[in-house]
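The next block holds one structure in the form of structure tokens; read it before the comments.
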Amino acid sequence: LFSPKAKLFIQGRQDIFSLLANKIDSQQRHVWLHFASLGEFEQGRPVLEKIKELQPEKKIIVTFFSPSGYEIRKNYPLAAGVFYLPLDTAGHAKKFIEIINPEIAIFTKYEFWYHYFAVLEEKKIPLFLISGIFRPNQAFFKWYGGFYRSILTRMTHLFVQNEESERLLKGIGINQVSLSGDTRFDRVFENVATVKSLPLVEAFIQQSKVLIAGSTWPQDEALIATWMEKHPDWKVILAPHEIGAAHIDQLMTLFPQAVKYSALQQQATSQEQQILVIDNIGLLSSLYQFGHIAYIGGGFGAGIHNTLEAAAFGLPVIFGPRYDKFQEAKDLVALGAAYSIHDDKGLETAFQSFIENPNAGKKARDYVVEKKGATEAIIQAITPYLN
């Protein structure tokens with residue numbers, strides 16, 4: 001009743017099998033890629049697009065668990081169909097897999113569904129996990145985790161991001177695993193090469209130094225408001241995680257002199273305007289081309305958002321304290337290309353450190369370049385299953 005996302009989650013699955021039957025030719029074999037949400041889609045996208053590039057005749061089905069992925073990518077042009085994944089019951093799994101008739105199934109990072117995996121195994125359809133990451137506190141590795149471990153045994157192969165994941169899996173007898181790295185590095189590196197031009201943003205900047213604040217939440221935004229008072233010579237491009245009207249109104253109250261991106265075409269910008277608020281989706285990955293330092297939101301909540309997009313453009317990054325689940329964030333901190341902060345004083349210290357150490361951005365970019373290549377390794381391994 002009160003959650004628009006929950007409403008989309010339910011409505012999107014109504015009549016899903018009628019929609020599938022009307023849109024999908026069940027006689028045609030498909031390559032099925034499933035993603036939890038938008039972040040996982042961007043992570044697995046290099047593999048999807050490489051398959052399509054090498055074998056353009058392949059028909060690809062994309063499914064999402066979350067509305068935040070489906071609503072943004074429902075018209076993705078390389079897919080023969082984009083759908084919500086029906087909830088994981090024995091009947092749903094059997095019916096769904098019969099309709100889409102997959103020759104191969106690829107899941108990204110996580111999402112382990114008992115009934116879907118059981119039907120895929122029964123039908124001898126190869127099932128892969130790419131960019132997987134595992135931690136000791138997960139149920140797979142607990143004394144009571146037998147049921148969860150049984151799900152992993154149904155997978156043809158698991159491609160994981162780090163050595164810890166490989167070690168954990170082999171420790172419970174899951175030996176069909178290899179260390180390939182994280183396909184996100186390939187995605188963000190490709191984004192740098194194909195970045196889109198944004199002349200309105202360029203006109204707003206007017207040669208100023210720029211802090212890009214990406215995927216921010218209210219606690220992040222309060223810190224940035226305090227920081228801005230000390231640095232009027234810097235401009236800020238703020239792309240909040242939530243772009244609903246209520247939150248954008250809050251931001252315009254917090255930053256009275258801000259200009260909204262949607263208003264740039266209607267009004268001329270001036271040197272006095274210090275902050276640009278991005279009030280639409282899909283621009284953030286291209287905005288980093290204009291930045292000198294990046295602030296990544298989410299670190300005061302469930303966890304930080306994507307740091308690699310900024311690092312790929314050679315920006316040092318700053319984020320809140322909750323980043324322990326993100327290997328790339330830990331690596332960037334160790335390299336001196338990122339700082340974790342707890343308050344406004346920490347933000348100022350991190351900022352001054354990066355001003356005094358202009359090489360930090362190069363370290364961030366070099367890290368991304370060094371880690372790319374997972375897509376090629378995965379494609380080489382799965383290609384025999386696609387012929």
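Hydrogens, waters and symmetry mates are skipped; everything else that's a heavy atom, side chains included, is used. Numbers here simply count residues along the sequence, with the first being 1.
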Could you pull out every donor-acceptor pair under 3.5 Å between side chains of residues 295-316 and any protein atom, sequence neighbours left out?
unit_1: Y295; atom_1: OH; unit_2: D220; atom_2: OD1; d: 2.6
unit_1: H305; atom_1: NE2; unit_2: W217; atom_2: NE1; d: 3.0
unit_1: N306; atom_1: OD1; unit_2: L308; atom_2: N; d: 2.8
unit_1: N306; atom_1: OD1; unit_2: E309; atom_2: N; d: 3.2

*Taking the six-membered ring for Trp, are F107 and W32 ring centroids under 6.0 Å apart?*
yes

*Residue pair W234 / S208, side-chain donor-acceptor N/O under 3.5 Å*: no

*Side chains of E328 and Y367: do they bring a donor and an acceptor to under 3.5 Å?*
no

*Just checking, is any N or O donor in the side chain of Q43 or T108 under 3.5 Å from an acceptor N or O on the other one?*
no

_Cation over ring face, K330 and Y323, 6.0 Å, 45°_ = no

*May I ask you to decide if the ring planes of F41 and F64 are parallel, tilted or perpendicular, using 30° and 60° as cut-offs?*
tilted

_Ring centres under 6.0 angstrom apart (F128, Y385)_ = yes

_From NZ (K235) to CE (M228), nearest 0.5 Å_ = 10.0 Å

_For the residue pair E111 / H34, report whether a side-chain donor-acceptor contact shorter than 3.5 Å exists._
yes

*Report yes or no: do D186 and T183 form a side-chain donor-acceptor pair below 3.5 Å?*
no

*Are the aromatic ring centres of F140 and F112 under 6.0 angstrom apart?*
yes

*asked:* Ignoring hydrogens and geometry beyond distance, is a side-chain donor-acceptor pair present between Q327 and D331 at under 3.5 Å?
replied: yes

*Do Y339 and F354 make the cut of ring centroids closer than 6.0 angstrom?*
yes

